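Just so it is clear, the model here is predicted, and its values are computed rather than measured.
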Amino acid sequence: MSVLDLRDSNDLSNKKSSLFYETALSSREEFNNFISGFNLKNKSNLDWWSENTSSRNTYASKLFYNFCCIKFVNELFKNRSIDIDEIIVDSTALKNILEKLIKKKFSSSIKVSLKKKWSVQAKLSFKFLYYSYFFFERVLRIFLARIYFRKIHSSISNKYILVDTFLSQDFIEKDRWYGDFYDLLTKEDKKEILFVPTILSSSFLSTLKIFRQISKSNRNFLVKESYIEIKDLIYAFSHLFRLNKLEIPSYLIEDIDICDLIREDIWSNRDVFSIYESIINYKFFLNLSKTDIKISLAIDWFEGHCIDKTWNLALKDFFPKVKRIGYQTYRSFPLYLSVFPIESEKETCVIPDTMAVQGEACRKDVKIFLPDLNTISVPAFRSKNIWNNHPKNGDISSNILVSLPLNQNTSLKILDIIFSLTDEIKVSRNNFLFSIKPHPQNNIEKLLDKIKIKIPENILFLDNNENFYKLLEKSTLLITEASATCLESLASGVPVIVIKNKNGFFYDPIPSDTPEIMYRICSDKLDLLNSINYYCDLSLSDKNKLMKIGELIKKNYFEPISEFGIKKFINKVE
């Protein structure tokens, strides 16, 4: 019996995984048109823009994945390329649509089975409790903000530049999002900057510690909670009860209405944190507009998420003359749809007026679905050290750097493959070392607790504070998944091996114009072993070639720090 398991927790075969990826790539434009109809129908509806569904954030919403499953199954049966007896899905709406599609188009007796994780079902049943918890947690935040912060007032001549950012206990003075941006400003320019933080914590004690620290910071913060009222939180809590008012018109694929996918995606959204934060963004700007504060520019850390949409929508509604800039470091993974703006988002004013990217080559990438998007290239503030980095690949052929992604399950899969290789590599190479660098937002101790086998001797786990560029200087290659470290490695002349994710979406981090000698994409243990051997055995001539290509990538994708570039970013020069 042949089974096609389309749950995104299941690994597809190499052949099916490649076909699914190609189907997803070719479905992007149609999906953008699909979601655009709902954007325009709900353009003034804050509840629509506060949902992950509208954002096209493929990390947080399964809508595009389920859309691609329909296209994938249709393609399989249209080509009669694979015999299947049963299809397994974890979406009720998808199951019903596939049953109709198979019956209508192929008259087949294929069974479509629904198998959901009980843990997901259980969490959804507690959704009301999540809303209640976040309501009371936000009430406490309001009281803390009233204690630690006073509302800011503008002088007659002073206009502020608002900078959207994020704070956690590990990243307050050390800015993970904007790197050296603030430190590079002049004393006068610093006076105009107000960081508007989103607190990445749902713990009262963590929030208390963060508020205490930023109240003493040298940087100026405009804390949203200082401007939020209890009635705003009641409005956010009531979001759950307004969802039925969203306009969900029909949309047909092969004469089958697929709009139940939208309804299901909205009702199954457990990311209550983002919903609250999105509504709070909007209410913050509404309340701010009633004060005497003046704004000359608003900079959004832009990934196209729902919190970005409501940030930009609120500015357009309440500060229509303020210029909106979106700052985007390189993350042009083709299936991470939310980072690529579309026409309906421009028409509904939920994206910035101008997108600021970190290099000239990035301007083309961000405009893939919106060619007339206004873009500028500004310094790569987070990658200043890349211009001082000079790896010496000839002396370090036994060192491999492994940069783990944010997703812990993916990290564990990568480690499992690498651990299984260590004995084979030790036989052929002496003193071989894998240096493992966890994602900055992951706790290394928690990750190690999930590793059930004995860690091989030639595996070294690094501290999160280790300088990535210093590590590159000691490494002959980088192994990772969907990570910005790929581009930094390539620009340093260090080749990259990408472990391909075979469940859910594969987020390809390699720019499309990268020469193939610079990278390998591996699906299994044998692929990885062959690729490691290939790069460790490169001739000196090939290594020099990598360095030259790296210099070109650096030039195209990383704008150097300059006074002019900084002024351009804060809108002080044209």
Report the residues that fulfil ring pair (Phe, Tyr, Trp, His ring centres under 6.0 Å) with Y507, sequence neighbours left out, ordered by chain and then residue number.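 By the ring pair (Phe, Tyr, Trp, His ring centres under 6.0 Å) rule, Y507 matches Y59.
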Under a 4.0 Å N-O cut-off, is there an ion pair linking [X] with [Y]?
{"X": "D372", "Y": "K346", "result": "yes"}
{"X": "E551", "Y": "K554", "result": "yes"}
{"X": "D524", "Y": "K502", "result": "no"}
{"X": "K71", "Y": "E30", "result": "yes"}

With heavy-atom distances below 4.5 Å as the criterion, would you say the side chains of S278 and W49 are in contact?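 S278 vs W49: side chains apart.
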According to the interplanar angle, ranging from 0 to 90°, do the rings of F333 and Y330 count as parallel (below 30°), tilted (30 to 60°) or perpendicular (above 60°)?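 Answer is perpendicular, since the angle exceeds 60°.
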Enter the distance from [X]:[atom1] to [Y]:[atom2] here, rounded to the nearest 0.5 Å.
{"X": "I417", "Y": "L526", "atom1": "CD1", "atom2": "CG", "value": "11.5 Å"}
{"X": "H439", "Y": "L404", "atom1": "NE2", "atom2": "CG", "value": "10.0 Å"}
{"X": "I510", "Y": "E516", "atom1": "CD1", "atom2": "CD", "value": "11.5 Å"}
{"X": "M355", "Y": "T375", "atom1": "CE", "atom2": "OG1", "value": "9.0 Å"}
{"X": "I570", "Y": "I161", "atom1": "CD1", "atom2": "CD1", "value": "4.5 Å"}
{"X": "C349", "Y": "K309", "atom1": "SG", "atom2": "NZ", "value": "13.0 Å"}

For [X] and [Y], does a side-chain donor sit closer than 3.5 Å to a side-chain acceptor?
{"X": "S344", "Y": "N39", "answer": "yes"}
{"X": "S338", "Y": "E303", "answer": "no"}
{"X": "K413", "Y": "N503", "answer": "yes"}
{"X": "T354", "Y": "N374", "answer": "yes"}
{"X": "T485", "Y": "S403", "answer": "yes"}
{"X": "T329", "Y": "Q358", "answer": "no"}

Heavy-atom closest contact ([X] atom, [Y] atom, distance):
{"X": "I561", "Y": "P379", "answer": "CD1-CB, 3.6 Å"}
{"X": "Q328", "Y": "V339", "answer": "NE2-O, 3.2 Å"}
{"X": "L462", "Y": "P438", "answer": "O-CD, 3.5 Å"}

Answer yes if the ring centres of [X] and [Y] are under 6.0 angstrom apart, and no otherwise.
{"X": "Y251", "Y": "F38", "value": "no"}
{"X": "F302", "Y": "Y327", "value": "no"}
{"X": "Y65", "Y": "F20", "value": "yes"}
{"X": "Y336", "Y": "F340", "value": "no"}

Validation: residues 178-186 side-chain donor-acceptor distances under 3.5 Å, sequence neighbours left out:
unit_1: Y178; atom_1: OH; unit_2: D164; atom_2: O; d: 2.5
unit_1: Y178; atom_1: OH; unit_2: W301; atom_2: N; d: 3.4
unit_1: T186; atom_1: OG1; unit_2: D189; atom_2: N; d: 3.1
unit_1: T186; atom_1: OG1; unit_2: D189; atom_2: OD2; d: 3.1

Does R520 make a cation-pi contact with Y534, if we ask for NZ or CZ under 6.0 Å from the ring centre and within 45° of the axis?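 Yes; both conditions hold, so R520 lies above the ring face of Y534.
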Can you name the one residue among N32, V350, I35, D308 that meets side-chain contact (heavy atoms from CB on, under 4.5 Å) with E345?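 Of N32, V350, I35, D308, side-chain contact (heavy atoms from CB on, under 4.5 Å) with E345 is met by V350 alone.
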So which of V73, I70, I258, I87 actually passes side-chain contact (heavy atoms from CB on, under 4.5 Å) with L94?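 Answer to the side-chain contact (heavy atoms from CB on, under 4.5 Å) test with L94 among V73, I70, I258, I87: I70.
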Please determine whether side-chain hydrogen bond (donor to acceptor under 3.5 Å, both in side chains) holds for the pair E360 and N556, giving the CA-CA distance in whole Å, both sets of side-chain angles, and the decisive distance to 0.1 Å. CA-CA 6 Å; E360 282 296 326; N556 291 337; over 6 Å; no
Option passing salt bridge (Lys or Arg N to Asp or Glu O under 4.0 Å) with K62 (candidates D271, D265, D90):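 That would be D90.
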Verify side-chain hydrogen bond (donor to acceptor under 3.5 Å, both in side chains) between E481 and T410, making sure each step is shown before the conclusion. CA-CA 8 Å; E481 196 233 7; T410 304; 4.7 Å; no
Give a yes or no on whether [X] atom [atom1] has more than 12 heavy-atom contacts from other residues, nucleotides or ligands under 6.0 Å away.
{"X": "K500", "atom1": "NZ", "result": "yes"}
{"X": "K572", "atom1": "NZ", "result": "yes"}
{"X": "K545", "atom1": "NZ", "result": "no"}
{"X": "K555", "atom1": "NZ", "result": "no"}

Hey, mind stepping through C536 and T476 against side-chain contact (heavy atoms from CB on, under 4.5 Å) and telling me if it holds? CA-CA 7 Å; C536 289; T476 191; 4.1 Å; yes
